[in-house]
Structures are given as C-alpha cells and as structure tokens.
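Here is how names work: the chains are called A, B, and so on, in the same order as the sequence lines, proteins then strands, and each is numbered from 1.
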Amino acid sequence: MNFFLYINRKLVFIFGIAVILFFLSVIFSKQVNFMNVESDKYNKSLSKADIDLPRFTINNEEKKIYVSAKEGNFLNSNKILLSKNVRFRSNDFSIETEEVVFNRTEQTANSKSKSLFKAKNTIISSYGFDIFDKGDKIIFYGKSFVVLK
Amino acid sequence: MSSIFKLIFICIISLSSFAREIGETEITTDDGIEVFQNEQYYLLKKNVKIESDNFTLNADNVKIDFENNLNDITELNAEGTVKFSSSEFNLKGKGDKLKFEVRYEKLEIRGSDSELITENIEMFSNGLIKVNNLTGEFSLLGKNSKLINENIIIIGESIEGVFSNNSNNKEITFLNVFDSNLSYVKNDDSEMYAKKINYDDETALIELIDDVAIIRDGEKIVGDYGTLDTKNNSYKIKSSKKSKVKAIIINNEQ
C-alpha cells in the first residue's frame, strides 16, 4: 500500500473523530443536559413554582397577545417571573424565550434571555426584549439578527 | 464512516440555520431593534448591516417604515457613515444620511462628501444628492457639487436636471446650473463658465447668464450672456452696454 495514502487515511480518521467530538460536546453541553433532564423528573413532583403553566393575555385595542410559560413565580403582587418555554403569541407574531418578568397591571414584559421573534416572513433573534404599550412597542436588546424573507 | 459524515452534515446544517438564503434579506445590529407596530416602523440601532442578494447597506442607525409586515418596506432612512451598493442597478453611494422611498424610487443622500455612482453617471456633493428614478429628475445642492458622465462635466452650487428615460443611455434632457461664484460645464469640445447655465434638449441650446466665458479651440470669449447651439455647434456671446465682448486667443503651444 502507498505509504502516504496510509498516513492520509489515518489523519482523515483522526480529524473526523475530533470534529465529531467537538460537535457532540457542543450539542450535549448546550442542548441535552442530562443532569437537568434527571433533576426535572424530581422537580416535577417537587416544583417550587408559585404557578404551574401560567397563562395571561395582553389586551391591545387591535389584538390580543397570549402569554404562556411552564412556571411562574410571584416577585410582588404585580410582577411575575415566568420561566421555561415562555411564549407570547398574537395573530401577527410570536416570541419565544426562557425567562420573562411580566407585569400584570402595566401589561409589560421584560426579558434578558435569548429571544426569538417570528412574524410573517420575519425572524428576529436578540438577547432579551421589552414589551410596552400593550404590545405595540417591542424593543429587542443586544446584538440582534433579522431575516426578512 | 458514512454515518459520521451524516452527523457532521446535520451539525453544520443546525448551526447555519440562521444564515441567509437566496431571496432573503439579513440585518444585523449591535444595539438592538425597536419595533413600533401601530406606527409601522422599526429602528435598527448601532453598526447596522443590511445584506440581500443584490443590495448591501452599512450605517450607524436605520429607520425602516413598513406597511403590512416588517418585510413590506416603504421607506428607509439611514444615518451616520452610510455606505450602500446595488449589484442589480450597478450603483453605489455614501453620505451622512440616506433616504430611500421604495415605492416612488426616490433617493436622497445628504452630508459632506456625498457620492452616488452609477454605471454612466457620477454625482458628488457636500450637501444633497436627490434622484427620482421614475421621473429621471435629479438635483445636487451644496458647494462644489459635481456631475460627471461619459461626455460632460458639470460643477456648481446647485445642479438640477432631468435624465432621459432611456435605461441604456442616461442623457441629460434638461439642466439648470447655478453658482454664486461661477458654474462650470465641459462637454466634448467646449468649456463654459457662467453664474447660471441652462440647457434644454428640445431647443438644443445651452444658455449662459452672467460672467460668461466659453473656451473652445484655443479661443476664450467672454461676455454677459451667451448661447451655444449643440445642433450646429455654434455659439453667440452678448454683452451689456457697460462692458464689451472680449475674445482671447490662447496659445496652446506655450
């Protein structure tokens, strides 16, 4: 067998393994945290959330924005910390994030976690957002990325 | 081995799920976006980059007006070191401020060292460059405004005119140039100076008003009023009672 071909195959194999390990480490560290999955099983029965599966609506003159999450904790009588799979949905758009402080009386929301806004032919990703004026005004914070289709 | 490559392929696809595809417009900002849904506009803040298949724009801040959806853009206002280019229309430009009315194809560039360069025409100004692509109207306002195309150079404080609608060859059909010092127009064989220089394609006459000078074939004729017929390539210069028409023969050999 050709000596150089033999070395190249070995190098290619090692490089392949290295790339796979890199991607697997990225995937497992960011998306599939087995520790969290295990602890979630116990937390389901011993949840510290004040509200399970909270649901709210922001009533705009023109539309309603439905707010949902897996958990909610009261910060005070007006403010609720919504966490895990937080969604804002209206006929025009949706926003997905992991943590939001929702003010029931002022009907505002503030998030500092990574957020994804989706509307017709539009996607916006940002590092947090604020919703004011009953959903009329949305401010996306930090380095933001928009795709218009 | 093939499953390894499949896994790598899936990983790459998942990581590049936000990358722009053909026909899409990608916008990045350093300091977020403000969306005003009722007022139908959004603000892109700090170090804005807009990139589509045939258009790129860089600016400090951008305001975009929309109609029905965020991608239904009606007007774009950019400010702060604006640079843009379009491969489709073969144009590029820069300035301190840019306003583009999409529906009416109106473009305004403001600020010092403003530039608009197309395939046939180059426009420079320290004030304002305004172009209406539908009607062909254009204006350049500000000191040392300059318009250059294949066979004409125009310099003045105010240059207003109309381009022909011939998409292959944009010729000037109407022109008004003014400069409180002196306007300057150079065509293939003549250089013209005057405070006001007007041109109308229908009459084929270039009209020169106040402090007129025409330089052609080594001759410089000065006066107060002049006309140059572009059809038969002849010119006339008149003078008021106080001053006289003066002809100066320039020796090019010296």
Residue pair B:Phe163, B:Phe138: steps toward the ring-ring contact (aromatic ring centres under 6.0 Å, His included) verdict
CA-CA 8 Å; B:Phe163 287 116; B:Phe138 65 89; 4.3 Å; yes

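Of the two parts of B:Ile73, only the side chain, counted from C-beta on, holds a non-hydrogen atom closer than 4.5 Å to a non-hydrogen atom of chain A. Only the side chain of A:Lys63 comes within less than 4.5 Å of a heavy atom of chain B; its backbone N, CA, C and O stay farther away. Using a 4.5 Å cut-off between heavy atoms, B:Asn69 touches chain A through its side chain atoms alone.
The pair A:Glu98-A:Lys84 fails the salt-bridge criterion, with no side-chain N (NZ, NE, NH1 or NH2) lying under 4.0 Å from an Asp/Glu carboxylate O.
Between the side chains of B:Glu137 and B:Thr135, at least one donor-acceptor pair of N or O atoms lies under 3.5 Å.
Looking at every heavy atom in both residues, A:Thr122 comes nearest to B:Asn71 through OG1-N, 4.1 Å.
If you tally non-hydrogen atom pairs under 4.5 Å between each of B:Asp72, B:Asp30, B:Ile50, B:Asn47 and chain A, the highest count goes to B:Asp30. Heavy-atom pairs under 4.5 Å with chain A were tallied for B:Thr28, B:Ile33, B:Leu44; the largest tally goes to B:Ile33.
None of A:Phe88, A:Phe117, A:Phe140 except one satisfies the ring-ring contact (aromatic ring centres under 6.0 Å, His included) rule with A:Phe93; the exception is A:Phe117.
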